[in-house]
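Below is one structure, written out as structure tokens; comments come after it.
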Amino acid sequence: MKKLSILFIATLLLLSGCSLEAPGWAKKERKVDVKDITIGVSISTLNNPFFVSVKDGITKEAKKQGITVKIADAQNDSSKQSNDVDDLIQQGVDVLLVNPVDSAAISSAVKTANDAAIPVIAIDRSADKGKVETLVASDNREGGKMAAQYILDKLGDKAKVAELEGVPGASATRERGEGFHSLADTKLDVVEKQSADFDRTKGLNVAENVLQANSSIQAIFAQNDEMALGAVEAAKSAGKDIIIVGFDGNDDGLKAVETGKMSATIAQQPELIGKKAVESVKDVAAGKKIEALIPVELKLVTGEK
């Protein structure tokens, strides 16, 4: 009994001597000097030219505004991205710019930033849960619908189409698909859809399999240019002359459209997306309310004169 009493007293002393207060970076009240801001940036992958352009837009505008930038490449790994965001929070960044690998998986990291009173700006893709101050993005649904309309205009009703989907769980995958199917499901014949994770090599492999299994396919809509470029190679290998439409308007995609290898792309302006995200940073840091969506214009690019 005596030993238990001593242990109990020692435990009380230990607890009384320990602070249960959250670390400084996790306190709710944060004062930010808008003249001296550091932003943390988590990009889904820098192995994709589109997101390299987003990063370039961020760094150029940040330099112009005298904002310090810390960038982490999630390498298309949602677990790594969560850890990266946690690291940026612990480094005491003033604002977080997050381009999620997976919109559901990033939610817990966004909530951690919310608890630390660090504002979050979403880029290109949003988070399913947690508070983001704004989403800087193109209208993915409208872009998907534009792709379906282009194929419809070229091939007419009930044309047989395949779709290459992006990373499962990413809001861009979901929204581009919803926009595409809002028209394609009633006007076209979508005979196959498979994920290729926004990746060129996977786009090639998936498109090869799809074309082998469905010889009647007349067009492919790929939810980004990287997968579309893979589909171009697959069609070439299979000796197929089909319509291939991408999405993003990255340099390689635009060149492929210009040379006639790819039929069209729904072009975003990735550098402008990064620029606009940084333009909103000082207002967000100062606690000003901004629009929930900062849109960046899309345009259909074809090789036609």
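Residues take their numbers from the sequence shown, with the count starting at 1.
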Report yes or no: does S237 contribute a side-chain atom to a donor-acceptor pair with the main-chain N or O of E233 at less than 3.5 Å?
yes

Can you hop from Y150 to F180 via hydrophobic side chains spaced under 4.5 Å?
yes

Under the criterion side chain to side chain donor-acceptor pair (under 3.5 Å), I'd like the reasoning laid out for D153 against Q149: C-alpha separation, chi angles, the key distance, then a yes or no.
CA-CA 6 Å; D153 290 345; Q149 185 64 59; 2.8 Å; yes

Salt bridge (charged side-chain N to carboxylate O under 4.0 Å, His left out), that's the test. Do D189 and K160 meet it? Break it down for me.
CA-CA 5 Å; D189 181 8; K160 296 187 181 299; 2.9 Å; yes

Got a donor-acceptor contact below 3.5 angstrom from the S171 side chain to the S126 backbone?
yes

Closest non-hydrogen contact found for V69 with A62 is CG2-CB, 3.2 Å

Apply ring-ring contact (aromatic ring centres under 6.0 Å, His included) to F198 and list each qualifying residue two or more places apart in sequence or on a separate chain.
none

Any side-chain to backbone donor/acceptor pair from K80 onto D73? Under 3.5 Å, distance only.
yes

Is I220 reachable from L152 through a run of I, L, V, M, F, W or Y residues, each pair having side-chain heavy atoms under 4.5 Å apart?
no

Decide yes or no on side chain to side chain donor-acceptor pair (under 3.5 Å) for Q268 and S138, but give the supporting numbers first.
CA-CA 7 Å; Q268 299 191 80; S138 304; 2.8 Å; yes

When hydrophobic residues are tied together by side-chain contacts of less than 4.5 Å, even through go-betweens, does I151 share a cluster with V191?
no

Under 4.0 Å between a Lys/Arg side-chain N and an Asp/Glu carboxylate O for D128 and R174?
yes

Of all the heavy-atom pairs spanning A113 and L96, show the shortest one and how long it is.
CB-CD1, 3.6 Å

Does the N250 side chain pair with the main chain of P49, one donor and one acceptor, at a distance under 3.5 Å?
no

Under the 3.5 angstrom rule, does the side chain of D248 hit a backbone N or O of F50 as a donor-acceptor pair?
no

Heavy-atom neighbours of K187 NZ exceed 12 at 6.0 Å:
no

Is any side-chain N of the basic residue among K288 and E133 closer than 4.0 Å to the acidic one's carboxylate O?
no

Just checking E178: does its CD atom have more than 12 heavy atoms from other residues, nucleotides or ligands closer to it than 6.0 angstrom?
yes

Using a 4.5 Å cut-off on heavy atoms from C-beta on, say whether the side chain of I39 contacts that of D94.
no

One pair to check against side-chain contact (heavy atoms from CB on, under 4.5 Å): V281 and L97. What are the steps and the verdict?
CA-CA 9 Å; V281 162; L97 275 56; 3.9 Å; yes

Show your working on salt bridge (charged side-chain N to carboxylate O under 4.0 Å, His left out) between K154 and E304 and close with a plain yes or no.
CA-CA 12 Å; K154 287 294 177 185; E304 300 158 16; 2.6 Å; yes

Between the side chains of R176 and D139, is the shortest nitrogen-to-carboxylate-oxygen separation below 4.0 Å, so that they form an ion pair?
no

Do K55 and L46 touch side chain to side chain, with heavy atoms closer than 4.5 Å?
yes

Under-4.0 Å salt bridge between E163 and K193:
no

Electrostatic pair R200:D252 at N-O distance under 4.0 angstrom
yes

Which heavy atom of V245 sits nearest to which heavy atom of A147, and what is that distance?
CG1-CB, 4.0 Å

Less than 4.5 Å apart, any side-chain heavy atom of F247 and any of F221?
yes

Going by atom types alone, do N47 and T45 pair a side-chain donor with an acceptor below 3.5 Å?
no

Please determine whether salt bridge (charged side-chain N to carboxylate O under 4.0 Å, His left out) holds for the pair K275 and E271, giving the CA-CA distance in whole Å, both sets of side-chain angles, and the decisive distance to 0.1 Å.
CA-CA 6 Å; K275 180 177 185 290; E271 193 162 318; over 6 Å; no

Separation of D86 CG from T112 OG1 (nearest 0.5 Å)
5.5 Å

Less than 4.5 Å apart, side chain to side chain, heavy atoms only: is that true for N76 and S44?
yes

With side chains defined as the heavy atoms from C-beta onward, is the minimum distance between I121 and V98 less than 4.5 Å?
no

Rounded at 0.5 Å granularity, tell me how far CG in L164 sits from CD in E192.
9.5 Å

Within the supplied structure, the quantity of interest is the number of heavy atoms (other residues, nucleotides, ligands) at a distance under 6.0 Å from Q65 CD; does it exceed 12?
yes

Spell out, as yes or no, whether a donor-acceptor pair under 3.5 Å connects the side chain of T173 to the backbone of G169.
no

How long is the gap from CD on Q218 to NZ on K158, to the nearest 0.5 Å?
12.5 Å

Any non-hydrogen side-chain atom of V301 less than 4.5 Å from a side-chain atom of K299?
yes

Check for me, please, whether I217 and L188 land in the same ILVMFWY cluster - side-chain distances under 4.5 Å, paths through other members count.
no

Are the side chain of K131 and the backbone of V120 linked by a donor-acceptor contact shorter than 3.5 Å?
no

Looking at V85, is its backbone amide N or carbonyl O close enough to the side chain of Q90 to form a donor-acceptor pair, meaning the two atoms are under 3.5 Å apart?
no

To the nearest 0.5 Å, atom CG of D36 lies from atom CD1 of I67 at 10.5 Å

Can you tell me how far CG of D199 sits from CG of L204, rounded to the nearest 0.5 angstrom?
10.0 Å

Are S42 and D84 linked by a side-chain donor-acceptor pair shorter than 3.5 Å?
no

Distance (rounded to the nearest 0.5 Å) between I273 CD1 and I58 CD1
10.0 Å

Donor on one side chain, acceptor on other, Q194 and E165, under 3.5 Å:
no

Taking all non-hydrogen atoms of both residues, which atom of T134 and which atom of L293 are closest, and how far apart?
OG1-N, 3.8 Å

Do V167 and S195 have side chains that approach each other closer than 4.5 Å (heavy atoms only, starting at C-beta)?
no

If every non-hydrogen atom of A172 is compared with every non-hydrogen atom of R125, which pair is closest and at what distance?
CB-CG, 3.9 Å

Could you check whether any side-chain heavy atom of M262 comes within less than 4.5 Å of a side-chain heavy atom of D225, counting everything from C-beta outward?
yes

Heavy-atom donor-acceptor pair, D124 side chain to A137 backbone, under 3.5 Å
no

Of all the heavy-atom pairs spanning T265 and G249, show the shortest one and how long it is.
OG1-N, 3.4 Å

When you measure from the side chain of T38 to the backbone of V93, do you find a donor-acceptor pair of N or O atoms at a distance under 3.5 Å?
no

Shared ILVMFWY cluster between L254 and V52, side chains joined below 4.5 angstrom?
no

Between Q212 and E208, a side-chain donor and acceptor under 3.5 Å:
no

